Amino acid sequence: MPKLSVIGAGTMGTGIAQVAASEGWDVVVNDSNSAVIEESSKSLVKVMNRLVEKGKIDQQTADSILGRIDFTEDQQHFENSDLVIEAIVENLEVKQKVFSAIEKIVRPDTIIASNTSSLSLASIGASLDNPSRFVGIHFFNPAPLMPLVEIIPAVQTVPRTIEQAKGWIDSWKKITVLAKDTPGFIVNRVARPFYGEALRIYEEGIADFATIDWSMKELGGFRMGPFELMDFIGNDVNYTVTETVFESFFYDPRYKPSFTQKRMSEAGLLGRKTGKGYYDYSEDAFKPTAKMDEKLGKQILDRVVVMLINEAADALFLNIASKEDIDLAMTKGVNYPKGLLKWADELGINWCVEQLDKLYDEYHEDRYRCSPLLRRMEKEKKNFYS
Ligand code: NAI
């Protein structure tokens with residue numbers, strides 16, 4: 001069986017190690033902090049015990065999975081790895097230092113990957129003597145449960161590296177999609193309006209959090225409403241992703257962060273983890289009720305969905321990924337009820353263009369500009385899938 005080394009034994013590193021070891025790989029888990037290594041090892045024992053209790057695996061399987069993982073502070077154990085995945089702190093200088101050190105330990109043909117969410121792979125790859133074997137492999141949290149993995153080649157990556165990485169991750173029963181090395185890759189780019197437009201609708205006083213969430217869930221089929229989801233992710237984390245994407249896109253107004261969320265984050269109203277965010281999670285808290293007005297709800301849903309569709313269409317227009325991969329990414333990475341491009345076909349491309357133009361005419365803001373691809377498709381009377 002091949003050998004994987006994981007650098008960084010935090011949330012993501014531990015989850016990735018579990019996935020690979022469960023598929024029979026030998027795994028090395030490394031961290032610069034010995035307490036974290038201990039924590040990672042303990043948490044995997046707990047996970048395995050739970051899986052045995054639930055009858056998902058037997059004790060012998062659990063023991064052999066754990067037996068395949070070598071928890072160590074010593075990076076020399078990376079020797080002879082087929083694949084290295086880095087999941088350390090999101091800091092370019094620290095990552096670059098780690099990468100140039102591991103390149104000296106592993107074989108010349110070892111594939112080296114980063115799980116970064118927001119840094120450019122080109123910039124991380126530049127720290128390697130041989131960046132052609134470097135690629136982005138972006139898991140979603142929690143890695144053992146979320147089926148989607150984005151594979152992101154840097155400009156330096158050669159096709160063999162992409163094929164090999166994709167083949168391995170597919171063999172771990174994950175769903176892989178291929179994305180260009182651009183801010184947010186697929187999911188974190190295309191999903192921005194789910195939060196941003198919902199916040200904007202709230203800021204304009206059109207509806208409150210509960211009503212917006214109700215519209216998206218009850219009328220749209222989304223598993224969580226935007227405000228529930230932001231509270232779940234953490235307003236600090238979600239705000240930072242938005243701000244990073246905005247800055248990385250050279251301040252394209254389309255990705256402009258919201259003051260509402262910034263203030264929530266500054267106030268420490270981070271969501272579930274602090275007990276209070278857009279909602280109050282304490283036991284005797286007042287639970288706001290949604291205004292279940294179907295007409296208003298439909299307006300809210302249409303506005304958020306058409307903004308999501310526009311983002312997905314623009315990602316396709318700019319060749320960030322194939323249409324199939326864009327739709328797969330949103331259904332498997334963030335559980336959207338439908339692929340956005342498929343949804344666009346159902347709603348009608350001309351309807352989408354009309355809605356976007358209406359918003360643009362009303363606000364004259366660049367965030368509502370319609371993707372040239374949608375406009376072109378409308379003229380040519382084309383759909384995404386037929
Ligand atoms: P974390 O903070 O839970 O874990 C990072 C670990 O890296 C820490 O245990 C730290 O001690 C260790 N570390 C720092 N410098 C190191 C070094 N020089 N050598 C070895 N270990 C070192 O972070 P998390 O959430 O697991 O994220 C890790 C990476 O995965 C980041 O690049 C992040 O952007 C990315 N990511 C995070 C997701 C999430 O939802 N948390 C989702 C997808 C990607």
Side-chain angles (χ1 to χ4, degrees), residues 5-19 27-44 70-78 81 84-106 112-121 123-125 127 134-152 154 169 174 176-177 179 181 183-189 191 229-230 232-245 248 270-273 329 332-335:
S5 292
V6 180
I7 318 175
T11 315
M12 296 308 293
T14 304
I16 295 166
Q18 184 193 328
V19 171
V27 179
V28 174
V29 174
N30 165 269
D31 202 288
S32 50
N33 180 338
S34 59
V36 173
I37 297 182
E38 191 145 317
E39 206 37 60
S40 164
S41 154
K42 273 194 199 147
S43 81
L44 279 183
D70 167 15
F71 294 92
T72 179
E73 253 180 286
D74 183 359
Q75 298 199 335
Q76 279 306 322
H77 289 216
F78 293 167
S81 297
V84 174
I85 301 180
E86 164 275 317
I88 66 166
V89 57
E90 195 75 328
N91 175 303
L92 182 61
E93 286 74 43
V94 180
K95 284 195 200 280
Q96 285 184 328
K97 228 188 240 165
V98 164
F99 277 106
S100 51
I102 53 168
E103 198 176 27
K104 295 181 181 65
I105 302 169
V106 297
I112 303 180
S114 174
N115 185 48
T116 184
S117 289
S118 61
L119 298 169
S120 101
L121 292 152
S123 65
I124 304 174
S127 61
F134 174 72
V135 67
I137 301 184
H138 184 228
F139 286 80
F140 290 77
N141 189 19
L145 299 182
M146 297 303 286
L148 188 78
V149 177
E150 294 176 326
I151 307 276
I152 312 112
I169 308 301
K174 292 291 181 191
T176 50
V177 290
D181 184 13
F185 312 131
I186 305 175
V187 170
N188 283 337
R189 170 197 193 124
L229 186 54
M230 285 185 274
F232 185 79
I233 295 169
N235 280 308
D236 52 341
V237 173
N238 192 260
Y239 180 78
T240 306
V241 175
T242 308
E243 194 178 42
T244 309
V245 168
S248 311
L270 307 183
R272 282 182 181 272
K273 62 186 174 190
K332 302 295 175 187
V334 270
N335 293 321

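Small disclaimer: the values here were computed from a predicted structure and weren't measured. Just follow the structure's listing: the first ligand is 1, and inside any ligand the first atom is 1.
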Who passes side-chain contact (heavy atoms from CB on, under 4.5 Å) against Glu39, sequence neighbours left out?
none
Check whether any side-chain heavy atom of Met230 sits under 4.5 Å from a side-chain heavy atom of Tyr239, and report yes or no.
no
Heavy-atom contacts with ligand 1 below 4.0 Å: which residues, ordered by chain and residue number?
Ile7, Gly8, Gly10, Thr11, Met12, Asn30, Asp31, Ser32, Asn33, Val36, Ala87, Ile88, Val89, Glu90, Lys95, Val98, Asn115, Thr116, Ser117, His138, Phe139, Asn141
With distance as the sole criterion, is a donor-acceptor pair present between the side chains of His138 and Ser117 under 3.5 Å?
yes
If I compare all heavy atoms of Ala9 with all of Val36, which pair ends up nearest, and what's the gap?
O-CG1, 3.5 Å
Check the surroundings of atom NZ in Lys95: do more than 12 heavy atoms from other residues, nucleotides or ligands lie under 6.0 Å from it?
yes
Is the shortest heavy-atom distance from the side chain of Leu121 to the side chain of Phe185 under 4.5 Å?
yes
